[in-house]
Amino acid sequence: MSAREAILSAVHAALGGREVDPCRVTEEARELLGDPAAIRPQLMAHDLVEAFVARATSAKLIGTSVDRIAQVSEFPGAVGRYLTAQGLPAELVLQPSPELQALDWSNFEVRSEMAPDERVGVGVARWAVAETGSLVFHSGEDTPILFNFLPLHHIVLVRASTVLAYLEDYSNAFATTGERQPRNVNIITGASGTTDIEGILVRGAHGPRNLHIVIAK
Amino acid sequence: MHRTLEPFKTRTATALVDATLKIAIERTTATAERKRAAALSDFPEFDAARDRGRRIKDHVIANLDHYLIEFERNAKAAGTHVHWAATADDAARIVIELCRAAQAKRVTRVKSMLGEEIGLPHALAEAGIERVETDLAEHIVQLGGDTPSHIIWPSMHRTREQVSEMFRKAHKTPHEEETIEAMVESARRELRDKFLSADVAISGANFLVADTGATCTVTNEGNAELTTTPPRVHIVTAGIEKLVPSTAHAFAMLRLLVRSATGGDITQYTTFHCGPKSPGDRDGPEEFHIVLVDNGRSRMLKEGLKDMLRCIRCGACMNHCVVYRQLGGHAYGGVYPGPLGAVLTPVFEGLEKARDLPHACTLNGRCQEVCPVDIPLPTLLRGWRDRSWREGLEPVSMRAGLGLWAFVAGHPQLYRLASAVAVRVMRLFARGGWIRSMPLASAWTAHRDLPTPSRKTFMELYKEGQRSQGR
Amino acid sequence: MEPRPVTSASPRVGLFVTCLVDAMRPSIGFATLQLLEEAGCQVEVPTAQTCCGQPAFNSGDTKAAARLARRMIEAFEPFDYVVAPSGSCAGMIKAHFPEALASDEPWRKRAEALGAKTHEVLSFLVDVIGYIPKGRSFAATGTYHDSCSGLRELGIHAQPRALLREVVGLEMRKLEGNDVCCGFGGTFCVKYPAISNAVVEEKAASIEKTGAEILLGGDLGCLMNMAGKLSRRGSRVRAFHAIEVLAGLGQGPAIGEEG
């Protein structure tokens, strides 16, 4: 008997050897997601973008700052503002997303290869979640996974129309795209941190130390 | 476990006199307690969420075979290699074989208690494969040559001075300033190259999502994603009880897990891994393996420990346990400490070896109260005591003493006589209102005084017609 | 609130004094008796009682616990209520007798029936019989420890405070960690004395930190554990069971004082 058979038959026997009705199981699972309002916290505001910003700028997220722009074309300007404020040179690595590459980066030295100790990475989130102040990235052609984790400063564009209320709204939104599950779904909430040494919080443990979110109406 | 342990009493005695450890435990658990309480006060829906989480887990457990098969099917459809391991040794063997097949010289690891449970550090060492722990706490544990002492803060037993010394010895470019920030930066530098040059990455899973075949890992540092993306081969080891029906169910559980563990609403990084690199992906592993580990879980299902399979490994139980807060994690002697360890260790190591753990508990119930999935820990611990008694594992003196007492208590007249005699005998040892020492009572009187009983028992006085003023 | 008359229509209460009270501090039993009669109950003390069996149950000897449970059920089921001055013993009856008798269906049912009418005394007075004595006085500063079984198995928290609030002159101060286990745990304190001691040392320090003169609680085991440690530390804190103060016995000897 293979380990698989041994384990499955042990589990099946322990559960009384009953006949499983997959439809009933699926139905029960679905019911367990019912009345979501009863088990979720209130958002910090009615308007989703306001709720997202309130959360992202609260003490709940570490190392996170938010800027707002009227249109996506202003994103490079917002990036420039951030770099100046941080005393950083106008150099960055851009996520290979056509949407970002189409913008005007003429004021910057833009590289496409990210070094292990890269200082600035600029990307775009697929969705944002107001409940938690999170950004959602799916790995793919225009989204290398490491781009979200290697740089010290991670600057991310979020379109207001992609801000969702709750985490489950993301999984529902993704389900409607009909796409297959990507290799990586990264739900990123604030900058990297650790409290492993004497409980003292230090940012930038391995991932970015600063997360700067730019929301475009 | 592969080490030989000292007896429980010795381990506890060592822990109880360790003042440095006590400071570390207090800091870690008091902070966790405070943060959890703050998180809950911000989340009035918590009780409803907890009840729902309990029902989700019960539903999965009641249909575990169905979900295992569904998970395997979807994982395979995504290009994942799914392996099954009945025992800890089998699981470790599968991982080593995969590493050998990948000709791995260096393996990076993301913190996983299941990985400890199956003895990966030892197995990798035996196989001559370099193991690089990437989680800061596990890195510290590795440098210190010991084991995790808490499931969320594995290196909580280490002081900054100890960490500083370890980093100076081991890191290529250690910190110059004696600050924790500088130490963390040193670790960041040290481990960065290793992430990118490893052959195989091994991680665990907080959840296994049945309808996508994906694993879910929650972390705060970013090492999980940095570790599991560059190597050619990524291996996940996970207990079979980690299943949830869908991503949305995972989110429902996540709301309970993070608040209960660290007081946050969500960790910085919540990552779902599904299959290897997809066509067109810029990065990611070529091979993705998941090792589903039983190691006693199907037995728990059968033997009255089903409720324990709801555990989402948040650590709240140990943070609120008066015993853990005195001992810390190492004294438990198993992979998992605290109340959850007291229930699980007898499963993995046998009741005979681990019987002290379920007994060294006051059954005060705070653990169950803070458990985000309402596991009846005191009931499960008493269950182990019941089994220990039936299997004759209790010390003879204990059986004899309790047996005598139970016999007497079963015969009221004899009991009346015995209690009347007992109080008179006890009073012989009284010094005023207190007994400071007495034969057979040294376990009590070694540490505290015993109040002198009154001259007669209540039942004697009542029988004499007394109705009030007991003395 | 005036004491109520006891008539043939009054509820019949079986008083379960508990083994610890019986042997170590009868005044708690008499205080309980007094308060129950003031509340208008007809109180009897069945002599067939010995112990609720918790030491056996918690040691894993479920069979012995079941035997003792059956005796207790027989002795007490004729009453309208069963009242004990202990959350842990009342909890044993209510929560655990059915567990101990799980494999014996007829007895399990009887255990559940008994459990339904079993109460710890402080919660009985407030929640069931609705009697909160007024006009008792006890001029002292006090602090209250919530014993774990009573708190978590029986929900006893507000009731002792409601009763003590009416005691004239008694100033209650919050005990930091009032809901943290004192380390008694029944047989735990003698099986694992070093750990128990570490826990009760911290508890004693918390009690001393309140500056209160009096420690109050609802369970004698816990009180003996804490009072014994306070005494060993040379503390001047004096301990009573809350029911004793309500019965006006606060002027008498505290735990560990001679009568």
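Here the structure is a predicted model, which is why all the values come from computation and not from measurement. Labels below follow one simple rule: chain letters A, B, ... track the order of the sequence lines, proteins then strands, and each chain is numbered from 1.
- Of the possible polar contacts, none joining the R297(B) side chain to the V11(A) backbone as a donor-acceptor pair under 3.5 Å is found.
- Between E181(B) and R209(A) there is no salt bridge, since no side-chain nitrogen of the basic residue lies less than 4.0 Å from a carboxylate oxygen of the acidic one.
- For the residue pair S139(A) and R282(B), no side-chain donor N or O sits within less than 3.5 Å of a side-chain acceptor on the partner.
- To the nearest 0.5 Å, atoms CG (L146(A)) and CG (L196(B)) are separated by 7.0 Å.
- Side-chain polar atoms of W153(B) and T195(A) form a donor-acceptor pair below 3.5 angstrom.
- With a 4.5 angstrom heavy-atom cutoff, E131(A) touches chain B only via side-chain atoms.
- Checked by atom type and distance alone, the side chain of H249(B) pairs as donor or acceptor with a backbone atom of A29(A) at under 3.5 Å.
- Using modelled atom types, no side-chain atom of R255(B) and backbone atom of R40(A) make a donor-acceptor pair closer than 3.5 Å.
- Atom OG1 of T270(B) and atom CD1 of I188(A) lie 9.5 Å apart (nearest 0.5 Å).
- Looking only at atom types and distance, the side chain of N186(A) has a donor-acceptor partner in the side chain of T271(B) under 3.5 Å away.
- The parts of T159(B) that come within reach of chain A are both its backbone and its side chain, each placing non-hydrogen atoms under 4.5 angstrom from that chain.
- Proximity of H206(A) to L191(B): side-chain heavy atoms (C-beta onward) are separated by under 4.5 Å at one or more points.
- Of the inter-residue distances, the one linking D135(B) atom CG with D196(A) atom CG reads 5.5 Å to the nearest 0.5 angstrom.
- Neither the backbone nor the side chain of A6(A) comes within contact range of chain B; no heavy atom of the residue lies under 4.5 Å from a heavy atom of that chain.
- With a 4.5 Å cut-off on non-hydrogen atoms, N172(A) does not touch chain B at all.
- Using a 4.5 Å cut-off between heavy atoms, A13(A) makes no contact with chain B at all.
- When atom types are taken as modelled, the side chain of R188(B) and the backbone of G207(A) share a donor-acceptor pair closer than 3.5 angstrom.
- Contacts of A175(A) with chain B are absent, with no heavy-atom separation under 4.5 Å from either backbone or side chain.
- Contact annotation: the side chain of N63(B) approaches that of E28(A) to within less than 4.5 Å [non-hydrogen atoms, C-beta and beyond].
- Contacts between residues 56-67 of chain A and chain B, defined by a heavy-atom separation under 4.5 Å, are made by K60(A), I62(A).
- A salt bridge is defined here as a Lys NZ or Arg NE, NH1 or NH2 lying under 4.0 Å from an Asp or Glu carboxylate O, and R4(A) with E72(B) meets this definition.
- Residues F251(B) and Y166(A) place their aromatic rings such that the two centres sit no closer than 6.0 Å.
- No hydrogens or angles considered: a donor-acceptor pair under 3.5 Å links the side chains of R183(A) and H234(B).
- For a residue to count as touching a neighbouring chain, one of its non-hydrogen atoms must lie under 4.5 Å from one of that chain's; by this rule F137(A) does not touch chain B.
- Taken to the nearest 0.5 Å, the CG atom of D21(A) stands 9.5 Å off from the NE2 atom of H66(B).
- Residues of residues 108-116 of chain A that come within less than 4.5 angstrom of chain B, heavy atom to heavy atom, are P116(A) in numerical order.
- Taken from OG in S192(A) to CG in N220(B), the straight-line distance is 8.0 Å, to the nearest 0.5 Å.
- T189(A) is not listed as a side-chain neighbour of T267(B), based on a closest heavy-atom distance of 4.5 Å or more.
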